[in-house]
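Below is one structure, written out as structure tokens, with a few remarks after it.
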Amino acid sequence: MSIYDVAVIGSGPGGYVAAIRCAQLGMKTAIIEKYSTLGGTCLNVGCIPSKALLDSSHHYEHAVKHFEEHGIEIPGEVKVNLEKMIARKQTVIDQTCDGIQFLMKKNNIDVYEGLGSFKDATHITVAKNDGSQETIEAKHTIIATGSKPSTLPFISIDKERVITSTEALKLKEVPKHLVIIGGGVIGLELGQVYRRLGANVSVVEFMDRIIPGMDKALSKELQKAMKKQGVKFYTSHKVTGVTNTGDEVVITADDKKGNPVEFKGDYCLVSVGRRPYTDGLNAEAAGVKINERGQVEVNDHLQTSAANIYAIGDVIKGAMLAHKAEEEGTFVAETLAGQKPHIDYNLIPGVVYTWPEVAAVGKTEEQLKEEGIAYKIGQFPFRALGRARASKDLDGFVKILADKTTDEVLGVHMVGARCADLIAEAVTAMEFRASAEDISRMSHAHPTFTEAIKEAALAATDNRAIHA
Ligand SMILES: Cc1cc2nc3c(=O)[nH]c(=O)nc-3n(C[C@H](O)[C@H](O)[C@H](O)COP(=O)(O)OP(=O)(O)OC[C@H]3O[C@@H](n4cnc5c(N)ncnc54)[C@H](O)[C@@H]3O)c2cc1C
């Protein structure tokens with residue numbers, strides 16, 4: 001029987017990063033993955049494929065709507081070849097997953113393909129896809145089994161017309177009318193892909209705004225921008241039923257006033273969140289507690305109720321984000337090596353990769369109000385920036401929330417072009433506990449979108465933005 005210092009179950013961004021960091025720190029490491037490709041949700045059916053389709057559909061939209069004003073003329077009609085677009089996405093996935101396989105080899109990590117189940121706290125049986133089984137021994141185990149799409153109790157996902165994000169990433173046709181249940185990140189990103197490709201898109205959301213966890217100003221601005229792009233929003237609508245009638249899906253809901261309404265589409269994307277995944281893990285055999293929400297219960301050290309077993313990523317509490325899972329992977333590896341790592345969960349950024357992009361870190365205005373913290377706001381619109389005017393990416397703003405007395409930056413919230421990358425500056429500043437004035441005194445290259453951050457910081461310092 002092979003014996004390891006650490007076995008990692010699951011090869012998503014949490015699991016493979018944990019395995020690499022363990023190996024770097026000198027531990028003999030194994031990783032177990034039930035699918036034939038490594039990389040988990042993120043690489044196979046999540047972050048990477050969704051961004052590949054967002055990029056492809058963005059190119060198409062530019063060609064159809066914006067090339068002409070740039071003086072670029074295309075003789076004939078610009079057409080979508082969805083099959084080719086999806087095939088390109090698959091190539092991106094394949095290359096990225098192969099990259100993880102290479103990293104496992106490079107770091108001398110043993111890869112086991114099959115479902116990992118605990119026999120007891122130090123033994124894991126791998127049920128391989130060829131029907132055989134192998135048991136390994138591990139001093140420590142890191143559970144990184146991730147999550148799966150969840151649904152509502154009365155909706156049955158048939159994967160044909162009533163679909164999850166996984167099927168939406170490989171449709172064979174552009175929907176005529178895509179009805180999306182849930183106005184969160186995944187629904188909006190995929191909704192925008194198909195809107196750009198020509199689908200009518202309706203978003204039905206239970207809450208009174210889209211991207212509900214983020215600062216209210218971001219919800220409002222993104223909804224406004226996506227409405228201009230032709231997406232229809234039905235907020236404060238409670239879905240009551242979804243029926244596949246063959247070529248059509250009928251979605252019933254109660255509107256704001258409680259009146260019944262009906263939506264008909266050829267596809268219905270159910271994106272109401274994800275559930276932690278522990279099926280087949282046999283956690284009980286190892287003494288690992290799963291809570292009523294289906295999450296593996298962990299303490300502040302990410303240790304489960306079994307002292308030698310840790311858990312990270314989507315399968316535990318907290319934001320379901322790839323970079324959060326990665327930080328936790330590193331955290332556990334370093335803890336096992338006797339180090340004292342730290343994660344500031346307040347500084348894990350959140351991003352929506354629509355266009356305009358949305359990004360945020362730290363406290364929202366609503367949270368500061370609730371916590372009774374006195375704050376000031378500095379806001380700057382992208383439309384006042386030379387760089388934004390050059391590319392005509394005029395939607396959105398940067399909003400900085402700073403402590404009213406100390407000027408420390410408490411939250412940065414932005415909607416606009418390239419915000420997914422811009423947010424890194426805010427994270428850096430907040431990690432170093434910068435004040436708004438600190439940011440405002442840093443030189444930002446001109447012309448760049450980053451100048452909006454400097455201008456918002458100037459506005460927060462003492463209302464002295466230069467260009468607004
Ligand atoms: C459409 C979509 C878009 C997304 N976009 C983003 C984004 O842009 N940015 C972002 O930060 N996050 C994004 N996410 C979320 C992100 O994918 C997850 O937060 C991330 O993958 C979680 O990582 P993880 O390592 O915890 O688990 P996962 O990536 O879910 O990996 C878990 C792995 O464990 C394996 N596994 C499970 N049980 C067993 C077992 N018993 N034995 C062996 N293997 C097992 C699974 O097969 C899987 O490969 C997106 C998700 C979706 C669905």
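Counting starts at 1 for both ligands and their atoms, in listed order. Since this is a predicted model, take the numbers as computed values, not measurements. Numbers here simply count residues along the sequence, with the first being 1.
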- Please determine, by modelled atom types, if Asp208 and Thr235 share a side-chain donor-acceptor pair under 3.5 angstrom. no
- For Gly313, the ligand 1 atoms whose distance to one of its heavy atoms is below 4.0 Å: 26 (O)
- What residues form a salt bridge (charged side-chain N to carboxylate O under 4.0 Å, His left out) with Arg433, not counting sequence neighbours? Glu408
- Check: of Gly39, Ala18, Gly46, min heavy-atom distance to atom 2 (C) of ligand 1 comes from Gly46
- Query: Any idea which atoms of ligand 1 are less than 4.0 Å away from a heavy-atom of Ser147?
  - Reply: 30 (O)
- Item | Distance-only side-chain donor-acceptor flag, Tyr267 / Glu248, under 3.5 Å | no
- Query: Less than 3.5 Å between some nitrogen or oxygen of Thr41 and one of ligand 1, yes or no?
  - Reply: yes
- Query: Considering only the protein, which heavy-atom contact is closest to atom 44 (N) of ligand 1, and what is its distance?
  - Reply: Lys34 N, 3.1 Å
- Task: May I ask you to test the Thr29-Asp5 pair for a side-chain heavy-atom distance under 4.5 Å?
- Result: no
- Atom indices of ligand 1, in the order listed, that fall short of 4.0 Å to a heavy atom of Met320: 15 (C), 19 (O)
- Within-cut-off N or O pair, Ala322 and ligand 1, under 3.5 Å: yes
- Item | Lys51 to ligand 1, any heavy atom closer than 4.0 Å | yes
- Message: Measuring from non-hydrogen atoms of Pro149 to any atom of ligand 1, is the shortest distance under 4.0 Å?
- Response: no
- Supply the atom-to-atom distance His301 NE2 to Asn299 CG, rounded to the nearest 0.5 angstrom. 5.5 Å
- closest protein heavy atom to atom 33 (C) of ligand 1 is Glu33 OE1, 3.6 Å
- Without hydrogens or angle criteria, can the side chains of His58 and Asp55 be said to hold a donor-acceptor pair below 3.5 Å? no
- Does some non-hydrogen atom of Val315 fall short of 4.0 Å from ligand 1? no
- Query: What heavy-atom pair brings Leu25 and Ala333 nearest, and what distance separates the two atoms?
  - Reply: CD1-O, 3.7 Å
- For Gly40, counting its heavy atoms only, list the atoms of ligand 1 lying under 4.0 Å from any of them. 29 (O), 31 (O), 48 (C), 49 (O)
- Find all atoms of ligand 1 within a distance of less than 4.0 Å from any non-hydrogen atom belonging to Ile186, and give their numbers and elements. 1 (C), 2 (C), 51 (C), 52 (C), 53 (C)
- Near Tyr277, which atoms of ligand 1 are under 4.0 Å from a heavy atom of that residue? 37 (C), 38 (N)
- Please check if any side-chain donor atom of Arg274 sits under 3.5 Å from a side-chain acceptor atom of Ser147, or the reverse. yes
- Does Arg274 reach ligand 1 with a nitrogen or oxygen that is under 3.5 Å from one of the ligand's nitrogen or oxygen atoms? no
- To the nearest 0.1 Å, how far is atom 25 (O) of ligand 1 from its closest protein heavy atom, and which atom is that? Gly14 N, 2.9 Å
- Message: Whether the Thr125 and Ser117 side chains hold a donor-acceptor pair (N or O, under 3.5 Å, no angle test) is what I'd like checked.
- Response: no
- Message: I'd like to check the side-chain contact (heavy atoms from CB on, under 4.5 Å) partners of Gln192; sequence neighbours left out, ordered by chain and number.
- Response: Leu54, Arg196, Met226, Gln229, Thr354, Trp355
- Message: Looking only at side-chain N and O atoms, does Tyr277 offer a donor or acceptor that is under 3.5 Å from a partner on Asp314?
- Response: no
- Min over Pro13, Gly146, Gly350, Gly12 of heavy-atom distance to atom 20 (C) of ligand 1 lands on Pro13
- Do any nitrogen or oxygen atoms of Cys42 come within less than 3.5 Å of a nitrogen or oxygen of ligand 1? yes
- Query: When you look at Arg21 and Glu334, which way does the salt bridge (Lys or Arg N to Asp or Glu O under 4.0 Å) test go after all the steps?
  - Reply: CA-CA 8 Å; Arg21 191 71 188 115; Glu334 293 180 353; 2.7 Å; yes
- Ala144: numbered ligand 1 atoms lying under 4.0 Å from its heavy atoms: 32 (C), 33 (C), 34 (O)
- Message: Is there a polar contact, in the sense of an N or O pair closer than 3.5 Å, between Leu321 and ligand 1?
- Response: yes
- Per-atom filter on ligand 1: closer than 4.0 angstrom to a heavy atom of Ser50 are 3 (C)
- Query: So is there a nitrogen or oxygen of Ser165 less than 3.5 Å from a nitrogen or oxygen in ligand 1?
  - Reply: no
- If you measure from each non-hydrogen atom of Ile9 to ligand 1, which part falls under 4.0 Å: side chain, backbone, both or neither? side chain
- Message: Tell me if the centroids of the rings in Tyr234 and Phe263 come within less than 6.0 Å of each other.
- Response: yes
- Query: What are the two closest non-hydrogen atoms of Pro13 and Glu326, and how far apart are they?
  - Reply: O-CG, 3.5 Å
- Establish, from distance only, whether the side-chain atoms of Thr240 and Thr252 form a donor-acceptor pair under 3.5 Å. yes
- Of all the non-hydrogen atoms in the protein, which one sits nearest to atom 39 (C) of ligand 1, and at what distance? Thr145 CG2, 3.6 Å
- Query: Side chain, backbone, both or neither: which part of Val351 comes within less than 4.0 Å of ligand 1 when only heavy atoms are counted?
  - Reply: neither
- Item | Shortest reach to atom 16 (C) of ligand 1 by a heavy atom, considering only Cys47, Gly15, Ala325 | Cys47
- Between Gly116 and ligand 1, does any nitrogen or oxygen pair lie at a separation below 3.5 Å? yes
